[in-house]
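Notes follow once the structure below has been shown.
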Number of protein chains: 2
Amino acid sequence: MNIHDIAKLSGYSAATVSRVINNREYVSKNAKSAVQKVIKEYDYVPNDVARDLSNGKTHNIGVVMPHTRHPYYTGIINGIMDAAFPAGYRIVLLPSMYNAKIEMNYLNRLRRKAYDAIIFTSHGVTLDDLVEYQKYSSIVCCHDPGDYNISAAYTERIDSYLKAFSWAKSQNAHNVAILLSRGFELSATSQLTRKAFIKTFDNEPNDSLLRTGIVTYDDGYNSAQSFSQNSVTPDLIFANSDDVATGARQFYLDHNLPVPILIGQENQLSGQLLNLPTIDHNFHEIGRLAFELAISNETKQFSVESKFILRDQNKSEL
Amino acid sequence: MNIHDIAKLSGYSAATVSRVINNREYVSKNAKSAVQKVIKEYDYVPNDVARDLSNGKTHNIGVVMPHTRHPYYTGIINGIMDAAFPAGYRIVLLPSMYNAKIEMNYLNRLRRKAYDAIIFTSHGVTLDDLVEYQKYSSIVCCHDPGDYNISAAYTERIDSYLKAFSWAKSQNAHNVAILLSRGFELSATSQLTRKAFIKTFDNEPNDSLLRTGIVTYDDGYNSAQSFSQNSVTPDLIFANSDDVATGARQFYLDHNLPVPILIGQENQLSGQLLNLPTIDHNFHEIGRLAFELAISNETKQFSVESKFILRDQNKSEL
DNA sequence: TATTGACCTGAAACGCGTTTCAGAAATTAA
DNA sequence: TTAATTTCTGAAACGCGTTTCAGGTCAATA
């Protein structure tokens, strides 16, 4: 049962049926009611794929993320979804595991018109690639694109990183461990962390106190364990999430070792319970802005301030 | 630049180009290399929407969920995604806010061929509706479908609910508060909670100790507050997540009131930190199974046991 | 009354791959 | 060498809506 069948059955043409379905003008009352009657009688619904093909639009936005285990990604996704839903867009989850080949594959699906736009919450492909593929469709990234001419909605992280490290310094931290999702060379965010560290402590982060590939509570725990196994004792741990910091903390507690000072990120419940200092990156707003950029035709950048939150240490009731 | 252009440029027909692209047999070496050369030269990629239209398949699976604020839903989504990715399927997020009209809309999009299947992590429409729409495409629900003939992957909750309540009873809990996402009349899961409660305590849950619409930490906090404002003092709170239980706990702490015994669900980090008894519903496995059902042609049901986890209360180091 | 303009309508083309089917060419089997 | 296969190939139809454009009707303006 397609639009041509309805056309025949109603005695009008497919063009008229299409007009009725889409509530276009220039349809007589007679035509409208006749067509509607047949549509109702045969319970006809138009094929969305054919429609998308004809319209050259799918109302689908692809969202690329390495995984959904870190609150930053899930937070952005929520932000995008909350904005996309009322606008009639749907989001398609495109997991990449930081794999550039997989991401290129998604970029090609953009060329193939499968999505109206793609938002990269994180990207393994180069910014050059993103700029290149922009000619096919709207692309938004969620990192500072620097001089690259590409739409971006991102967190201005440097200030809060500086605040966090300078607070760390004020606590007399000398051996600062850094737990990152990706190494400095691979991630702009990690690079920012490094810059803030250098600016504060006047030297490079200590390799033996650096761990990458860190995402979850367990990763935090294991990092602390590996520090311990290597006889490394950080006096402060700067983690990429509160849950990660909490995991590290647990290792020390489990082994009756003194717990280093902890700094988390993303303002999670675990950090709230433990009164950890944290950095709130306002990912929900990032998601919202990313969506707005995705459906707009302009290429522009939005940045949002992140906040270093130092909770009242005395209020800890745990 | 479409397949016909490539056909002309290569001196072969669209049919042959299609064969080359899809690696079909019955293409001569000459044809293959000539076509590939032109494809490469013009950097042609086929249009996915046209392909989907032709093939009648999109490789998109719609996933309906009320929201993404509860770990149960995000957990299922992760499970689905982890299974869908290697199988070459993508998932489209379809938020419903428990709104049956919105869900019907999604069901109609299924009829319109926008998705190959739909998974309902929760449903506001009736099971009759789901059964009805099954004739158009594969539908999977994540609740016990009872006698309805529909594919389902769900958690067998009753045992762990019974265990939880009987533990509650053993703790001499008399005023048991229940925090639910939806009321008994609207949700099969809530109904199970009720049944387990009745079986254990031999009477209906007390209305004044019942709260619905509960999803987050804040909701938990507010519930406790509303109990307090109504001079209701539960001696045990059965929450629908550890975070919710944690929120309730916080209210009592903030007001220097004795904290009731807490039972959480979903085995979250907050519960782990506070050593709360919890119920683990194994949502990741549910998601995986739901996906398998979504792409299979059979209609069947899988259920997974949930676990009541009583943590060592003495080990609380917080 | 002659124009003008608004309103209707449908055939055909378009968006773009895929598949069918018939026919031709090249092999292999007999 | 002939018959029977197997391999290639492309025109056309198909999946299904949307849009364009020409042609027609009818009421309103001049």
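Below, chains carry the letters A, B, ... as their sequence lines are ordered, and counting in each starts from 1.
- Residues meeting the side chain to side chain donor-acceptor pair (under 3.5 Å) test with B/R288, sequence neighbours left out: B/E285.
- Atom CG of A/N30 is separated from atom P of C/dC7 by 17 Å (rounded to the nearest Å).
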Set out, line by line, the N/O atom pairs under 3.5 Å between protein and nucleotides 13-17 of chain C.
{"residue": "C/dG17", "atom": "OP1", "partner": "B/Y44", "partner atom": "OH", "Å": "2.8"}
{"residue": "C/dG17", "atom": "OP1", "partner": "B/N47", "partner atom": "N", "Å": "2.8"}
{"residue": "C/dG17", "atom": "OP2", "partner": "B/I3", "partner atom": "N", "Å": "2.6"}
{"residue": "C/dG17", "atom": "OP2", "partner": "B/Y44", "partner atom": "OH", "Å": "3.2"}
{"residue": "C/dG17", "atom": "O5'", "partner": "B/Y44", "partner atom": "OH", "Å": "3.0"}
{"residue": "C/dG17", "atom": "N2", "partner": "B/S54", "partner atom": "OG", "Å": "3.2"}
{"residue": "C/dG17", "atom": "N3", "partner": "B/S54", "partner atom": "OG", "Å": "3.3"}

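- When all heavy atoms are compared, the tightest approach of B/A290 to B/A153 is N-CB, 3.7 Å.
- Annotation: salt bridge (Lys or Arg N to Asp or Glu O under 4.0 Å) contacts of B/D82 (sequence neighbours excluded): A/R69.
- Taking atom CZ of residue B/R19 and atom P of nucleotide D/dA11, one finds them 12 Å apart after rounding to whole Å.
- Straight-line distance from the CD1 atom of A/I21 to the C1' atom of D/dT19: 14 Å, rounded to whole Å.
- Nucleic acid contact for A/A7: none, since no nucleic acid atom lies under 4.0 Å from a heavy atom of the residue.
- Put simply, CG on A/D48 is 14 Å from C1' on D/dT18, counting in whole angstrom units.
- The environment of CG in B/D43 is crowded: more than 12 heavy-atom neighbours from other residues, nucleotides or ligands sit within 6.0 Å.
- Closest approach of B/A294 to B/A117, counting heavy atoms only: O-CB, 3.6 Å.
- Look at B/R24 and you'll find a side-chain N or O under 4.0 angstrom from OP1 or OP2 of C/dT19.
- When heavy atoms are screened at a 4.0 angstrom cut-off, A/V27 is found touching the sugar-phosphate backbone but no base atom.
- Note: OH (B/Y26) to P (D/dG10) measures 17 Å, nearest angstrom.
- Under the 30°/60° scheme for interplanar angles, the aromatic rings of B/Y89 and B/H59 are found to be tilted.
- The NZ atom of B/K32 sits 15 Å away from the P atom of D/dT7 (whole-angstrom rounding).
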